[in-house]
Amino acid sequence: MTDIAQNSQSKLEALNQWVLEVARLTRPDRIHWCDGSDAENEALIQAMQADGTLIKLNEDTHPNSYLHRSHPDDVARVEHLTFVCTTNRDDAGPNNHWMAPELARQQMDSLFEGCMEGRTMYVVPYCMGPIDSPLSRCGVEITDSAYVVANMRIMTRMGAPALARIERDGSYVKGLHSTGDLNPDRRFIMHFPEELEIQSFGSGYGGNALLGKKCHALRIASHQAQSEGWLAEHMLILGIENPKGDKHYIAAAFPSACGKTNLAMLIPPEGYVRDGWKITTIGDDICWMRPGADGRLYAINPEAGFFGVAPGTSEKSNPNALASLQRDAIFTNVAVTDDNQPWWEGLDKRVPAIDWRGNVYDFNAGKPAAHPNSRFTVSAKQCPSYSPMAEDPQGVPISAIVFGGRRASLVPLVFEARDWTHGVLVGAAMGSETTAAATGAVGVMRRDPMAMKPFCGYNFADYFAHWLSFDQANAKLPKVFHVNWFRKGDAGDFLWPGFGDNMRVLEWMLKRVAGEVDSQETPIGHLPKIEDVNLEGVELSQEAREKLFGYDREGWRHEFASIGEYLDEYGPRMPEALKDEQKATARSLG
Ligand code: GTP
Ligand code: SPV
Ligand code: MN
């Protein structure tokens, strides 16, 4: 074992001790402390090409970009194998799988025992958020996957500067990860929020393995945020500038694979661009926010890169994402063309040569060539719309919070909550059809409050109470909205064009924030008057107009009964204020 002497004399003694303890358990051949340098990254990429972990893509069209094919049984988050291990079961809540901490540790110890024999153990110090931001938090991930290291280098501020901050702060989240043998029966993602610890075994994929992302920045951070008075959310953050030059920032929570990356990188329709509207990107997946001295909520993006859904990304739907992917990107489980360029469904009309498993693509088999949850990893700095404000240590002030789901029926294009408490109910009542981002059935409607069902590190009842607690006398809270880009017509087609045209809905929100337009009052909230939404150049059928801007009292009566039942599942811990809000709405629906 080498390389550790350098830190043994320093204040990082406790970290060194933990690393040695992990090494005694997992028995790696080598320990490598990652400094995040270019030379280190190049060496790792060389090694991964040599052992087949990475496949080099066409250097002319995609310089310094690589394809990784994960194990076919390891292609998405595994919610049924993800646990929150709090001392008291109720603290994890009905929204989480729970295991007693001692039992979980025993089980994980036996899996980790000797699992790194013959492998290198990488020690990856990282910072979630700008290195110099008071809102940022650090972590150290120990992993035996070079692919994880290469991804963490893009997704976080990884290496020497993070280690220096850890030395200064003295606190960090401990993450231990091994790909193990990738046997799905020996796969667990364990969280110990009380000890700021994560243990993940048996998966090398995305949110299961890049521990800074969902495990730290959402599950552990949400728990920490509750006790420290801030919020860790599954939200994109975008900047929006109007022709007068006024800047606003919007945070939006949509469940996995429901449009965050796309909205964060939106390019407005031509007319808007001509008039001087501009959208900038702060983050596409995670948002940490807390009240500032002026009472507004200030937000940072704790991540430094995008781990985005590839399928559906095209020059038409998301040109900013495509532009980001021109170089220095890692693609996971996409297909390739005959000249070795990455390809996925929806990209363009070419026919790929090789599918995501590495087999010759059979067009007639009727199966997608790229996995539906195939992803790209790329630095946020490569995105043309990336905002310099994303590096601001103070964060950006949030003017509107948007909740949204994938709802084929009932839910209109947009509505606004009456006030903060109603807004919390709108978030708590979110439902969405499941997607390929997690294993399991796709297209099944489930409650996914605030898009945090898979990611809240504590009891949802306490989480909603925490949200309600921000309504203080001196608070200047954002307005709360709900959107649905996925409403379908009787023929099964999407009624709203979506993507760039979502700008029209953002503009209406800003008009509401500025108090420039009134609304249709309904029991579910404020719906736009259709004439207040700029629909110039959008062709909407009569059915679309009715379904996108109307409201179906009978349908909502059923929905609210189901929301009431959902809140009751949490028993007496559910805040009365939220139940009262639900009952009041249910009553006004008749
Ligand atoms: P995670 O990274 O899993 O958290 O996903 P995400 O919320 O960032 O979702 P993303 O923006 O990657 O979109 C997922 C899928 O939804 C893609 O296939 C998109 O093409 C599709 N999508 C995004 N925005 C829209 C929209 O406005 N309308 C329609 N119809 N589809 C959309
Ligand atoms: C999601 O599923 O919400 C993602 C992808 O952003 S993962 O990192 O795998 O969680
Ligand atoms: Mn996500």
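Note that this is a predicted model, so its numbers are computed, not measured. Remember, it's 1-based here, ligands and their atoms both numbered in the order they're listed.
We find that Glu79 and Arg446 are joined by a salt bridge, their nearest charged nitrogen and carboxylate oxygen being less than 4.0 Å apart. A salt bridge is absent between Arg406 and Asp448: the closest approach of a Lys/Arg side-chain nitrogen to an acidic carboxylate oxygen does not fall below 4.0 angstrom. Salt bridge absent: Lys547 and Asp552 never bring a charged side-chain N and a carboxylate O closer than 4.0 Å. Comment: Glu433 does not engage Arg487 in a salt bridge, judged by the lack of any side-chain N to carboxylate O separation of less than 4.0 angstrom. Salt bridge absent: Asp73 and Arg187 never bring a charged side-chain N and a carboxylate O closer than 4.0 Å. Ion pairing of Lys213 with Glu141 is absent here, as no side-chain N (NZ or NE/NH1/NH2) approaches a carboxylate O to less than 4.0 Å. A salt bridge does not link Asp355 with Arg357: none of the charged nitrogens is closer than 4.0 Å to a carboxylate oxygen.
On a distance-only criterion, Gly207 and ligand 2 share at least one N/O pair closer than 3.5 Å. The distance criterion of under 3.5 Å between nitrogen or oxygen atoms is not met by Lys214 with respect to ligand 1. For ligand 2, the polar-atom distance check finds no N/O of Lys260 at less than 3.5 Å from any of the ligand's N/O atoms. In terms of N/O distances under 3.5 Å, ligand 1 is approached by Phe499. Between Asp284 and ligand 1, no pair of N/O atoms sits closer than 3.5 Å. The shortest N/O to N/O separation between Lys213 and ligand 2 does not fall below 3.5 Å. Looking at Ala437 next to ligand 1, no N or O pair under 3.5 Å apart turns up. Residue Lys260 has at least one N or O atom closer than 3.5 Å to an N or O atom of ligand 1.
Contact annotation: for Asn502 versus ligand 1, heavy atoms closer than 4.0 Å belong to the side chain alone. Here Leu263 has no heavy atoms under 4.0 Å from ligand 1, in either its backbone or its side chain. When non-hydrogen atoms are compared, ligand 1 lies under 4.0 Å from the side chain of Phe486 (C-beta onward) but not from its backbone. Proximity of Glu345 to ligand 1, defined as any heavy-atom pair under 4.0 Å, is not found for any part of the residue. The proximity of Asp285 to ligand 2, defined as any non-hydrogen pair under 4.0 Å, is limited to the side chain. At a heavy-atom cutoff of 4.0 Å, ligand 2 is contacted by no atom of Phe306, backbone or side chain. At a heavy-atom cutoff of 4.0 Å, ligand 2 is contacted by no atom of Tyr205, backbone or side chain. Residue contacts with ligand 1, taken as heavy atom pairs separated by less than 4.0 Å, involve Ser256 via backbone and side-chain atoms alike. Within the 4.0 Å heavy-atom criterion, neither part of Ser317 lies near ligand 1.
Within the structure, the closest approach of Pro311 to ligand 1 falls below 4.0 Å when heavy atoms are considered. Using a non-hydrogen distance threshold of 4.0 Å, Gly346 does not register as a contact of ligand 1.
Residue, atom and distance of the protein heavy atom nearest to atom 4 (C) of ligand 2 are Lys214 NZ, 2.9 Å. The shortest contact between atom 5 (O) of ligand 1 and any protein heavy atom is with Ala257 N, 2.7 Å. Protein heavy atom closest to atom 19 (C) of ligand 1, with residue, atom name and distance, is Asn262 ND2, 3.7 Å. Counting protein heavy atoms only, atom 9 (O) of ligand 1 is closest to Gly259 N, 2.9 Å. Of the protein's non-hydrogen atoms, Arg375 NH1, 2.7 Å is the one closest to atom 2 (O) of ligand 1. At the top of the distance list for atom 16 (O) of ligand 1, counting protein heavy atoms only, stands Arg406 NH2, 3.3 Å.
Here the shortest heavy-atom pairing between Glu303 and Asn301 reads N-OD1, 2.8 Å. Between Ser432 and Cys258, the shortest heavy-atom contact is OG-SG, 3.7 Å.
Residue Ala437 has at least one heavy-atom neighbour below 4.0 Å for each of these atoms of ligand 2: 2 (O). The distance from ligand 2 to the heavy atoms of Phe307 drops below 4.0 Å at these ligand atoms: 8 (O), 9 (O). Heavy-atom proximity to Pro255, at under 4.0 Å, picks out these atoms of ligand 1: 7 (O). Within ligand 2, the atoms closer than 4.0 Å to a non-hydrogen atom of Ser256 are 1 (C), 2 (O), 3 (O), numbered from 1 in the order shown. Taking a cut-off of under 4.0 Å to the non-hydrogen atoms of His234, the atoms of ligand 2 that pass are 3 (O). Each of the atoms 3 (O) of ligand 2 lies under 4.0 Å from some heavy atom of Phe455. If you number the atoms of ligand 1 from 1 as listed, the ones under 4.0 Å from a heavy atom of His234 come out as 4 (O).
Proximity of His191 to His223: side-chain heavy atoms (C-beta onward) are nowhere separated by under 4.5 Å. You'll find the side chain of Tyr205 reaches within 4.5 Å of the side chain of Thr332, heavy atoms only. Contact annotation: the side chain of Arg407 never approaches that of Phe486 to less than 4.5 Å [non-hydrogen atoms, C-beta and beyond]. Side-chain contact between His234 and Ser256 is present, with heavy atoms from C-beta onward closer than 4.5 Å. Side chains of Tyr172 and Lys174 form a contact here, defined as non-hydrogen atoms less than 4.5 Å apart. Taking the side chain as every heavy atom from C-beta outward, Val84 and Tyr458 never approach each other to under 4.5 Å. The closest side-chain heavy-atom distance from Glu197 to Leu176 is not below 4.5 Å.
Under the 30°/60° scheme for interplanar angles, the aromatic rings of Phe460 and Phe464 are found to lie parallel. Taking the six-membered ring where tryptophan is involved, the planes of Phe83 and His97 are tilted, since the angle between them lies from 30° to 60°.
Checking Met155, Arg375, Glu79, Glu303 against atom 5 (C) of ligand 2, the nearest heavy atom belongs to Arg375.
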**Request:** Show the numbers, then the answer: is there a side-chain hydrogen bond (donor to acceptor under 3.5 Å, both in side chains) between Tyr386 and Glu391?
**Result:** CA-CA 10 Å; Tyr386 189 57; Glu391 306 292 331; 2.7 Å; yes
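Residue Asp285 approaches the Mn ion (ligand 3) most closely through its N/O/S atom OD1.
Checked options His71, His68, His371; the residue passing with Trp356 is His371 (criterion: ring pair (Phe, Tyr, Trp, His ring centres under 6.0 Å)).
The Mn ion (ligand 3) has no N, O or S atom of Pro255 closer than 2.8 Å.
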